[in-house]
Amino acid sequence: MKIEKRQHLEGEESGMFKIIHIALAAILMAIAAVPPAKAAGTSGDLQEKKSRIQSGIQELQGKESYTNNEIKRLVGMISETTGEINANIAEVQKSKLDIDQLNKEVTEIKERMAKRKALLKERARAIQQSGGNADYLEVLLGSKSFGDFVERMSAVSTIMEADQKILKEQESDEKKLEQDEKKLADRVMQLQNQKKSLQQKKEQQKQQLSELEKTMKQLKTKEKELHEEKMSLKEQEELLASQQSAADRAAKMDSSHGDGGVPAISSGSFTRPAEGVLSSNFGARWGTRHMGVDIANPGSNVPIVASADGVVIRSYLSSSYGNAVFISHSINGQKYTTVYAHMKSRKVSSGQTVKKGQQIGVMGSTGESTGQHLHFELHKGEWNAAKTNAINPIGIVPF
């Protein structure tokens, strides 16, 4: 009955593990199906993207909750299996005592059987020594008188009854011996199979737990990525929100004169934003599109200046751009946006009006940067996350 119950439970657990496998596969497919981020352009695009990301986060959190419940349930099952293994160990210890007792009984039975065989041989030898042999009929026929016959008949009857009793006892002991030896062998095999089954069960549970923990890690990683993307969208949304106001103010200024500064202010609409070496051009770079140019300078406190008159759209610390300033310009009726990234520090604030050549910060290596430089972008029109308006500043801005 215990074995049948255990087999039934193992069947249920096997079915549960199949369900977990199916659920894990569905979760992993769902993770893979979450689309990668695409740059949003307009405010409407951002709102749609934010809504989609939030839905993705909620979906992942639901899967995390399910996976976490499965982990808790599996941990409970492992604890239960460990308890069963410990109970099996205790049962094995107890069974060893039972086995020892069975071995003692087997030894006693064999000793009794050996004694009976010796007794039967002794009786047969006694009959032979008294003038007969083991043939009871010859003993009776060898009587010398009727009285002797009666005496011999009584003796033979007594001996036969005793012999029959001994033979029955011998037969009973032989049967018991066979049963006990089989019982002993079955018990040993049962315990060995039970131990093996429990160990396999625990290994299977540990493997399932490992898979669940791996899935949970993937879910957490994807959720983190979506949160970071959501934060990036928040930055873009704030930039877009302040860009129109700055652009309107820049349009009213619409001039091209400067008031001096470092580096030297160039004539024309734009001036060089920093002194240094042009270390990276606009266009293809490392398998991606570099939508600006880099100016490197290892000096201390290298000034960064506004490339043209304008209004600061936003001055803030970005996770990717580091210390960054976005400026809106209106030059001869044409709207432009310049971006100054990875600065060590900023000297202007959002909404501030700036002049061409006015210092707006100090060159640095903040954000996603590998060395001190200025990442400079020029956009013809408004800035957008897709950078579809980005143009090569070389030939427009003097370098």
Side-chain angles (χ1 to χ4, degrees), residues 37 39 225 228-229 231-240 242-243 246 261-263 270-308 310-329 336-352 354 356-380 382-394 396-399:
E225 290 174 356
E228 290 174 351
E229 186 179 350
M231 289 298 294
S232 176
L233 288 178
K234 184 180 179 182
E235 287 183 14
Q236 296 173 28
E237 187 176 32
E238 290 172 351
L239 278 168
L240 289 173
S242 57
Q243 184 165 239
V262 179
F270 291 94
T271 190
R272 183 184 179 94
E275 290 292 343
V277 177
L278 196 64
S279 59
S280 186
N281 290 317
F282 181 92
R285 185 181 71 167
W286 307 330
T288 61
R289 291 279 293 170
H290 186 232
M291 308 308 284
V293 296
D294 292 344
I295 302 172
N297 190 325
S300 300
N301 299 318
V302 179
I304 306 297
V305 302
S307 189
V311 177
V312 177
I313 298 171
R314 195 171 182 211
S315 173
Y316 74 117
L317 177 62
S318 165
S319 59
S320 56
Y321 276 131
N323 278 308
V325 172
F326 288 66
I327 301 177
S328 178
H329 313 275
Y336 290 93
T337 305
T338 54
V339 179
Y340 311 78
H342 307 311
M343 293 188 290
K344 179 180 179 181
S345 60
R346 293 168 280 117
K347 294 186 177 296
V348 292
S349 56
S350 299
Q352 182 177 338
V354 294
K356 183 174 71 170
Q358 178 181 337
Q359 186 173 356
I360 61 173
V362 176
M363 189 180 292
S365 184
T366 56
E368 295 177 1
S369 170
T370 57
Q372 181 169 293
H373 72 285
L374 168 68
H375 173 76
F376 176 79
E377 294 178 12
L378 177 63
H379 299 256
K380 190 173 183 179
E382 293 186 339
W383 174 92
N384 62 69
K387 299 186 180 181
T388 54
N389 292 336
I391 60 176
N392 190 346
I394 297 175
I396 301 173
V397 178
F399 285 99

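Residues passing the side-chain hydrogen bond (donor to acceptor under 3.5 Å, both in side chains) test with Ser345, sequence neighbours excluded: none. Among residues two or more places apart in sequence or in another chain, the side-chain hydrogen bond (donor to acceptor under 3.5 Å, both in side chains) test is passed with Ser350 by none.
Between His373 and Thr370 there is no side-chain heavy-atom pair separated by less than 4.5 Å. Put simply, the side chain of His379 does not reach to within 4.5 Å of the side chain of Thr388, judged on heavy atoms. Within the 4.5 Å cutoff, side-chain heavy atoms of Val325 are placed close to those of Val312. With a 4.5 Å cut-off on side-chain heavy atoms, Leu378 and Ile396 count as touching. Under the 4.5 Å side-chain criterion, counting only non-hydrogen atoms from C-beta, Tyr340 is not in contact with Val305. Taking 4.5 Å as the limit, some side-chain heavy atom of Leu374 sits within range of a side-chain heavy atom of Pro273. Taking 4.5 Å as the limit, every side-chain heavy atom of Ile313 sits out of range of all side-chain heavy atoms of Trp383. A heavy-atom distance below 4.5 Å is found between the side chains of Val293 and Ile394.
Of all heavy-atom pairs spanning Lys380 and Ile391, the tightest one is CB-CD1, 4.0 Å. The heavy-atom pair separating Lys347 from Gln352 by the smallest distance is O-OE1, 4.4 Å. Nearest heavy-atom pair, Gly351 versus Val311, reported as atom, atom and distance to 0.1 Å: O-CG1, 3.9 Å. Nearest heavy atom pair, residue Lys356 against residue Thr271, reads CG-CG2, 3.4 Å. Contact record, Pro303 with Ala274: O-CB, 3.8 Å, taken as the closest heavy-atom pair.
In this structure, His342 and Tyr321 have tilted ring planes: the angle between them lies in the 30° to 60° band. Classified by interplanar angle (parallel below 30°, tilted 30° to 60°, perpendicular above 60°), the ring pair Tyr316/Phe326 is tilted.
Of the possible polar contacts, one joining the Ser365 side chain to the Gly371 backbone as a donor-acceptor pair under 3.5 Å is found. Arg346 places no side-chain N or O within donor-acceptor distance of the main-chain N or O of Asn323, the cut-off being under 3.5 Å.
With rounding to the nearest 0.5 Å, the separation of CD1 in Ile360 from OG in Ser349 is 12.0 Å. Note that the CD atom of Gln372 and the OG atom of Ser300 stand 7.5 Å from one another [nearest 0.5 Å]. To the nearest 0.5 Å, the span separating CZ on Phe376 from CG on Leu278 amounts to 11.5 Å. Of the inter-residue distances, the one linking Asn389 atom CG with Glu377 atom CD reads 11.5 Å to the nearest 0.5 angstrom.
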For side chain to side chain contact (heavy atoms under 4.5 Å, CB included), just list the numbers for Ile295 and His375, CA-CA rounded to whole Å, side-chain angles, deciding distance to a tenth of an Å, and then say yes or no.
-> CA-CA 7 Å; Ile295 302 172; His375 173 76; over 6 Å; no
Tyr336 and Glu382: CA distance, side-chain angles, deciding distance, side-chain hydrogen bond (donor to acceptor under 3.5 Å, both in side chains) verdict | CA-CA 7 Å; Tyr336 290 93; Glu382 293 186 339; over 6 Å; no
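For the residue pair Thr337 / His329, no side-chain donor-acceptor distance below 3.5 Å is found, with atom types taken as modelled.
For residues 291-301, the set of pairs meeting the salt bridge (Lys or Arg N to Asp or Glu O under 4.0 Å) definition, not counting sequence neighbours, comprises Arg285-Asp294.
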